[in-house]
There are 2 protein chains.
Amino acid sequence: MKDEKTEDQILDAAEKVFQRKGMDGARMQEIANEAGINKAMLHYYYRSKRFLFEAVFSKAFSLIAPEINRVINEDIPLFEKIRKFTHSYIDFIQKHPYLPNFIIQELNRDQDFMNVLQKKKGFPDFRNFRSQVEQEVHEGNIRPIKAEQLFIHLLSLNIFPFLAAPLFKGFLNIDDNCYKELMEERKEEITNMIINYLEIKE
Amino acid sequence: MKDEKTEDQILDAAEKVFQRKGMDGARMQEIANEAGINKAMLHYYYRSKRFLFEAVFSKAFSLIAPEINRVINEDIPLFEKIRKFTHSYIDFIQKHPYLPNFIIQELNRDQDFMNVLQKKKGFPDFRNFRSQVEQEVHEGNIRPIKAEQLFIHLLSLNIFPFLAAPLFKGFLNIDDNCYKELMEERKEEITNMIINYLEIKE
DNA sequence: ACCTTAGTTAACCATATGGTTAAACCATTA
DNA sequence: TAATGGTTTAACCATATGGTTAACTAAGGT
């Protein structure tokens with residue numbers, strides 16, 4: 001009759017510590033302290049630091065991947081899709097500010113992780129989006145563009161400003177609140193830019 | 001009559017290791033091995049891991065900052081500036097692929113670093129760019145846009161695809177060469193998108 | 001009441017790691 | 001050639017760290 005209390009507490013604590021400090025910077029003892037639980041329990045439930053880390057990473061990825069997948073594969077017009085993605089993604093990240101940096105960082109540290117992730121269900125499927133874009137181009141509704149490039153534009157404009165927040169705050173010399181307002185504005189800013197680019201003018 | 005041979009060898013080795021593994025993942029012994037030099041020498045010349053790291057980080061930043069600064073503050077028309085920045089930045093990063101991730105990562109790890117950097121000479125100055133954009137908007141040459149947003153667009157579109165290369169390769173399911181071609185195409189792709197957005201249509 | 005078993009703890013272990021030191025090396029110079 | 005002083009090395013040190021263990025606790029079942 002085990003209740004998952006301890007196991008979950010550990011995962012929650014590990015999430016906080018790993019996402020703030022990364023695999024290399026995190027300490028098992030710190031995770032134990034954060035959870036208010038004996039360090040041996042981390043090994044009892046998760047065996048090793050690496051396994052615990054993978055549990056955290058998988059959970060993080062399976063939180064963010066559907067967020068991308070959902071909108072990208074919805075059966076709605078392209079322009080609406082772009083607007084919806086931007087709005088919901090920015091809202092999502094405001095709630096999980098450590099996530100993008102965590103994912104990007106660890107994916108760069110261990111390139112093999114991507115191979116593991118690709119095999120999991122729920123991994124974003126790009127094909128639907130590609131054919132939608134190709135269709136629109138073919139019908140002459142939008143300017144010729146590779147779906148890949150559009151996809152990269154979309155994610156870059158949405159994700160990078162959060163990743164590079166410290167950098168931009170420094171460059172632009174603005175404070176946290178001011179930056180947050182900029183991010184809010186970007187929902188429409190990004191949408192407009194992309195749509196404006198895709199639209200064919202007379 | 002000291003020649004700087006050893007000191008430089010250490011810095012070069014430290015650069016490689018720190019940029020690949022980050023502050024926490026790097027080992028002093030590994031840096032020593034990479035340099036083919038006794039570990040004690042690292043402390044002899046750089047005192048501690050932290051100081052050595054800061055030397056590497058400062059050098060990295062002082063490599064990339066002028067790259068941004070130079071084009072952004074050049075006295076040329078805005079559209080030309082955007083094209084030039086994109087082309088030269090992408091070329092630059094192809095030569096230093098570890099740089100963006102290194103900078104972003106360590107800036108997120110230690111927010112204080114930005115304060116130190118801001119005080120150094122050569123730190124990018126955004127004001128010139130801002131007034132240029134404001135001027136163009138005022139004269140009705142481009143659509144109304146905050147200079148900050150344009151700046152964020154520009155950097156996001158240019159930098160993120162390199163940071164998130166493993167992610168995109170996974171999502172799009174393409175190999176290294178194919179991805180490199182996409183990056184090459186982006187020089188014009190990004191330029192066109194931004195300029196197209198800024199241009200006022202009838 | 002006693003046994004079993006999952007859960008929990010404090011103490012412990014082996015190793016990795018940043019850092020130090022004392023002695024050796026070697027080129028310059030008095 | 002002997003003294004000087006910057007440079008280099010191997011050995012060493014203290015501590016941090018991931019991981020293990022043996023004993024203890026408590027709940028459920030008999």
Side-chain angles (χ1 to χ4, degrees), chain A residues 1-60 98 102 105-106 108-110 112-113 116, chain B residues 1-60 98 102 105-106 108-110 112-113 116:
Chain A
M1 197 141 317
K2 100 178 179 197
D3 64 324
E4 321 245 301
K5 207 168 121 279
T6 307
E7 196 169 346
D8 286 346
Q9 281 176 332
I10 293 173
L11 197 64
D12 287 349
E15 225 168 276
K16 278 186 206 159
V17 176
F18 275 130
Q19 290 186 17
R20 240 180 297 127
K21 311 230 172 155
M23 169 69 179
D24 293 325
R27 299 294 144 216
M28 293 299 267
Q29 188 59 59
E30 191 182 349
I31 295 173
N33 293 345
E34 175 77 40
I37 278 172
N38 189 288
K39 178 163 76 83
M41 299 311 282
L42 311 196
H43 292 93
Y44 180 77
Y45 284 108
Y46 292 94
R47 190 156 158 187
S48 72
K49 188 183 184 185
R50 165 144 284 270
F51 280 101
L52 178 54
F53 176 80
E54 282 176 20
V56 169
F57 190 85
S58 291
K59 191 180 165 193
Y98 285 107
F102 177 64
Q105 175 54 20
E106 301 302 331
N108 273 300
R109 198 181 55 81
D110 184 353
D112 275 350
F113 252 141
V116 180
Chain B
M1 197 142 315
K2 96 180 181 198
D3 64 322
E4 322 243 304
K5 206 167 123 283
T6 307
E7 197 170 345
D8 286 346
Q9 282 176 330
I10 293 173
L11 197 64
D12 286 349
E15 225 168 277
K16 279 186 206 158
V17 176
F18 275 131
Q19 290 187 17
R20 242 182 296 127
K21 312 230 172 155
M23 169 71 178
D24 293 326
R27 296 290 104 112
M28 294 299 267
Q29 188 59 58
E30 192 182 349
I31 295 172
N33 293 346
E34 175 78 40
I37 278 172
N38 190 290
K39 179 164 75 85
M41 299 312 283
L42 311 196
H43 292 94
Y44 180 77
Y45 284 108
Y46 293 93
R47 192 156 156 187
S48 73
K49 188 183 183 185
R50 165 144 284 272
F51 280 101
L52 178 54
F53 176 79
E54 281 175 21
V56 169
F57 190 85
S58 290
K59 191 180 165 194
Y98 286 107
F102 176 64
Q105 176 54 20
E106 301 302 331
N108 273 300
R109 199 180 53 82
D110 184 353
D112 275 350
F113 252 141
V116 180

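Only this structure's heavy atoms are used, side chains among them; waters, hydrogens and symmetry mates stay out. Throughout, protein chains are lettered first and strands after them, A, B, ... in sequence-line order, and every chain is numbered starting at 1.
Here the C1' atom of nucleotide C:dG7 and the NZ atom of A:K5 are 11 Å apart, to the nearest Å. Rounded to an integer number of Å, the gap from OH of A:Y44 to C1' of D:dA22 is 15 Å. In this structure, the CG atom of B:N38 is 6 Å from the P atom of D:dA10, given to the nearest Å. Residue B:I31 contributes atom CD1, which lies 12 Å from atom C1' of C:dT17 at whole-angstrom precision. A straight line from CZ of A:R50 to C1' of D:dG18 spans 14 Å, rounded to a whole angstrom. When the P atom of C:dT8 is taken as reference, atom CD of A:E7 falls 10 Å away, rounded to whole Å. If you take CD of B:Q29 and P of D:dA10, they are 11 Å apart, rounded to a whole angstrom. Between B:R47 atom CZ and C:dG19 atom P there is a gap of 10 Å when expressed in whole angstrom units.
Mapping B:M23 and A:A40 onto DNA chain C via the closest heavy atom, the residue that lands nearer the 5' end is A:A40.
OP1 and OP2 of C:dG7 both lie 4.0 Å or more from every side-chain N or O belonging to A:T6. Phosphate proximity of C:dG18 to B:R27: present, with a side-chain N or O under 4.0 Å from OP1 or OP2.
If you check every strand for non-hydrogen atoms under 4.0 Å, A:A26 touches sugar and phosphate atoms only. In this structure, B:M28 reaches the sugar-phosphate backbone alone: every heavy-atom distance under 4.0 Å involves primed, P, OP1 or OP2 atoms, never a base.
With ring centers used as reference points, A:F53 lies under 6.0 Å from A:F18.
The cationic group of A:R109 does not satisfy the cation-pi geometry with A:F57, failing either the under 6.0 Å distance to the six-membered ring centre or the 45° limit from the ring axis.
Among the nucleotides C:dG18, D:dG18, C:dG7, the one closest to any side-chain atom of A:Y45 is C:dG7. The side chain of A:H43 sits closest to D:dG18 out of C:dG19, C:dT9, D:dG18. Out of C:dG19, C:dG7, D:dT9, the shortest distance to the side chain of A:M41 is found at C:dG7.
Remark: side-chain polar atoms of A:Y46 are not paired, donor with acceptor, to backbone N or O of A:M41 under 3.5 angstrom. When atom types are taken as modelled, the side chain of A:K16 and the backbone of A:A35 share no donor-acceptor pair closer than 3.5 angstrom.
Looking at A:K49, its side chain has no donor and acceptor atom pair within 3.5 Å of the base of D:dG19.
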Evaluate the criterion side chain to side chain contact (heavy atoms under 4.5 Å, CB included) for residue pair A:M23 and A:K49; output intermediate values, then yes/no.
CA-CA 9 Å; A:M23 169 69 179; A:K49 188 183 184 185; 4.1 Å; yes
